[in-house]
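What follows is a single structure, written as structure tokens, with notes after it.
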Amino acid sequence: MSASHHLLRLQCVRCVSHFLGTPVRQVILPGRAHLQTPGSQHIYVQLLRPFHRSAVCSTDRQNRTDIEKLVEDETHHKDKTLVTHDDIFDRAAGDSKTKVEFNRVVDVFKSKDIRRRGHVEFIYAALKKMPEFGVECDVTVYNKLLDVFPKEVFVPQNFIQRMFNHYPRQQECGVQVLEQMENYGVMPNIETKVLLVQIFGEKSHPIRKFQRIMYWFPKFKHTNPYPVPHVLPSDPVDLAQFSLTRIAADLDAKITIYQYPSTDITETGEEITRPHIVGIQSPDQRSLLAKHNPCKPVFVEGPYPLWLRQKCVHYYLLRADPIPPEEKVEEEIDPEMICPEQSLFFPQRVELDLKVDMGDDHSFNVDEVEEGAVYAMCMAGQGDQATLSQWISGLQETCPILGQIPTVFRLESGPRELQTSTDDHQRPEQEAETDQIIEDDEEPRHSRGVKQ
Amino acid sequence: MAVSRTTLKSLYGVCGVVYRQPLLFPSSLKCASIQITRSKFERDYQRPGQPPDTRWPWQMINFDFSKGVESVRKHFGLLKDEFFQRWIGPEGKPIIEHMLEQTRVVWEFRGPESLNEWIVSSDQEIGGRSVAYVSLGKNNTTCLLYGTLSSTPPRDGETRYSGYCSMRSKPPKASFDRKKHYDWSSFNTLHLRIRGDGRPWMINVSAETYFSHQRDDIYSYFLYTRGGPYWQDVKIPFSKFFLSSRGRIQDSQHPLWLDKINTIGFTLGDKADGPFQLEIDFIGLNNDCAHTEEFAYELYKKNP
């Protein structure tokens, strides 16, 4: 709030400065110093200095770190060779690539040269390196990057500058920072706006981009009817519960945790890891399963993918084949229910055409897709037959009819094997081996295990 | 040569992954899956670094006698339909049926020939690695769009983003390849029955425009899938579609005019690398009288 207040004040002072000329700019500076984040106080110092002064004089040569040396080298030898700023990040960070390291590199670059020579290239390099440092979703880091731009230099001063594209490369760079924020879904804040106004002026391209983001982002923030949290639960059981309630599409569906993940060590020293098994079944599915013809088998199918933002989880289904039309049983309604003696206030069935008008038919003229009924769903830590038969035996406690129905496992190759095969494909010479794996995987599909 | 070999192998690799990825209804894999991609002449994107196509237009036409006979039969059939259908009523339906129409099924998938109305494309056109296929689902009554998304940008030095797969309907053509448009002005809601895998898609509707610089204008909205084995009925009012051009959402918005609709398309580009699938039962239109909104976004002049 206070930032916007300063912004307003700044505007007023600038209006006055048109009449008074340049001396007012000295007055603005202390006011602007408040806008800086506490970590970047050197900018305040820099802005108080006359603009055209050597950077070398201002640097304190006593306590320079090796990163500073690096940046110094880059800036000094720039006229001789093509230098990319990617190296600064790579060399400075070393092994630990964190937000602290990233901020340190940016700080060092800022404190190095008062004229911020090569800041556009530096920002482009930083944008490219952001995902490596894991800071691509942090708005404060973006603000810090925008802070690298020198203030007040690129603001158009007269109508000719305002009419033409003033400092186009710098504006493009600013737009690029905002576009990366947009791509990662980062909402800019008021500090971003203050920085952009200070750097590029009121009606520049980056400000336009900022306004577009601020207009459209909140509009589409809550459009998803099946929302996924930004941070998914890390516990696999919690994740399975969340995904199963999402795909069940039934609020009455009940989640049962058949087995928690655990690791046991037997007396012989072998480790036995028990995967988690989480299942879900709604009352409708249970009644459907109770009506299932015991002569026909039910199938355990899977794994099917489900995407929750960037994460893919897999689930398994217990389902039947579609019933052929000659075996379908019509639901017979008790004749006593439709007779004239039924309750007048709570009629079981009404033979009235309740359509209001002849044109009010809102049904679509399409055939229903014939599919087998789904009886239960589960997610498990391992997709092998032993784990899933544990799930089936757990289901038998609530649905005793499953004991009479033969269960057939139609399992495809699991997600883990898929992962290895993709790794193999990255090395092209291993293609022959991969083919073998595919053939191996198809064999168990042919030899389906039948469990009574 | 070495480069082309490696790309071929990587392509095979991706296909292998696609084949082995379990689909929601795996029986469709047994039938031949069709990959209908945009032909080279329908693309207007020239990759950076590629030489332009310098052939003359007539060199690109396939002059074939059997094809000629086929097209004569098709076009005169269409002409006959156009001539005689108007004696029955508008669009070949009796007038009472046309006036009382509240719902219409525009696309449904009931056989392999219904897939010929669709064009599948992926970022392979710009040098990316995604692959997309379309085939009929189980019982040959649905359309199954599947493939693998990969957001690795092509290494041509210019392209910065990549990773999309899309399916688009072919624009309707009258006889002798004249332009024809869908007239949906008596409806206000798009109704789809789909089944996805939890990924968000985007629905793009393109309408006929007047000026040539509006050629890339499309109206888009999001299609969120829930995932899971159940079908999902999605109703999207046309008032919610927003205008975008060449992938950029526009400042000056405009409601979608439904009297001249050319194509509808589905695009996936959610930056999550991996296999995807979307099953579509039908795409229909509905006149929802409870929905009175004209346009969901502000129409005042922004950024003055």
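Everything quoted here is computed from the prediction, not taken from an experiment.
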Report task. Would you indicate whether the side-chain heavy atoms of Lys219(A) and Glu298(B) approach each other to under 4.5 Å? Result -> yes
Requested in this report: Mark yes when over 12 heavy atoms from residues, nucleotides or ligands other than Ile95(B) sit less than 6.0 Å from its CD1; otherwise mark no.
Outcome: yes
**Report entry** Rounded distance [0.5 Å steps], CD in Gln310(A) versus CG in Asp270(B)
**Finding:** 6.5 Å
Report task. Report yes if the side chains of Asp251(B) and Arg208(A) come closer than 4.5 Å at any heavy-atom pair, otherwise no. Result -> no
**Report entry** Reported CD1-to-CD distance for the pair Ile249(B) and Glu182(A), which is rounded to 0.5 angstrom
**Finding:** 9.0 Å
**Report entry** Thr103(B) (side chain) donor-acceptor with Ser363(A) (main chain) under 3.5 angstrom
**Finding:** yes
Report task. Could you tell me whether Tyr297(B) and Tyr215(A) have their ring centroids closer than 6.0 angstrom? Result -> no
**Report entry** Flag for Arg212(A)-Gln250(B): side-chain donor and acceptor within less than 3.5 Å
**Finding:** no
Query - Any Phe282(B) side-chain heavy atom under 4.5 Å of Asp367(A) side chain - result: no
Requested in this report: Please indicate whether Glu113(B) has more than 12 foreign heavy atoms, meaning atoms of other residues, nucleotides or ligands, lying under 6.0 Å from its CD.
Outcome: yes
Query raised in the report: Given a strict heavy-atom distance threshold of 4.5 Å, which part of Leu306(A) is in contact with chain B: side chain, backbone, both, or neither?
Result: both
Requested in this report: For Tyr230(B) and Glu371(A), test the side chains for any donor-to-acceptor distance below 3.5 angstrom and give the result as yes or no.
Outcome: no
Query raised in the report: Any chance the side chains of Tyr226(A) and Gln232(B) put a donor and an acceptor closer than 3.5 Å?
Result: yes
Query raised in the report: Quick check: does any side chain N or O of Trp307(A) sit under 3.5 Å from a backbone N or O of Pro275(B), one acting as donor and the other as acceptor?
Result: yes
Report task. May I ask you to check whether over 12 heavy atoms, not counting those of Lys235(B), lie within 6.0 Å of atom NZ? Result -> no
Report task. Could you tell me the separation between the OH atom of Tyr161(B) and the CD atom of Glu179(A), rounded to the nearest 0.5 Å? Result -> 3.5 Å
Query raised in the report: Would you say Lys271(B)'s side chain and Asn183(A)'s backbone share a donor-acceptor pair under 3.5 angstrom?
Result: yes
Query raised in the report: Considering residues, nucleotides and ligands other than Asn365(A), do more than 12 of their heavy atoms fall under 6.0 Å from its CG?
Result: no
Query raised in the report: In terms of ring plane angle, is the pair Phe242(B) and Phe220(A) parallel, tilted or perpendicular, where the classes change at 30° and 60°?
Result: tilted
**Report entry** Note, Phe276(B) side chain near Cys312(A) side chain (heavy atom, < 4.5 Å)
**Finding:** no
**Report entry** Close side-chain approach of Lys138(B) and Pro322(A), heavy atoms under 4.5 Å
**Finding:** yes
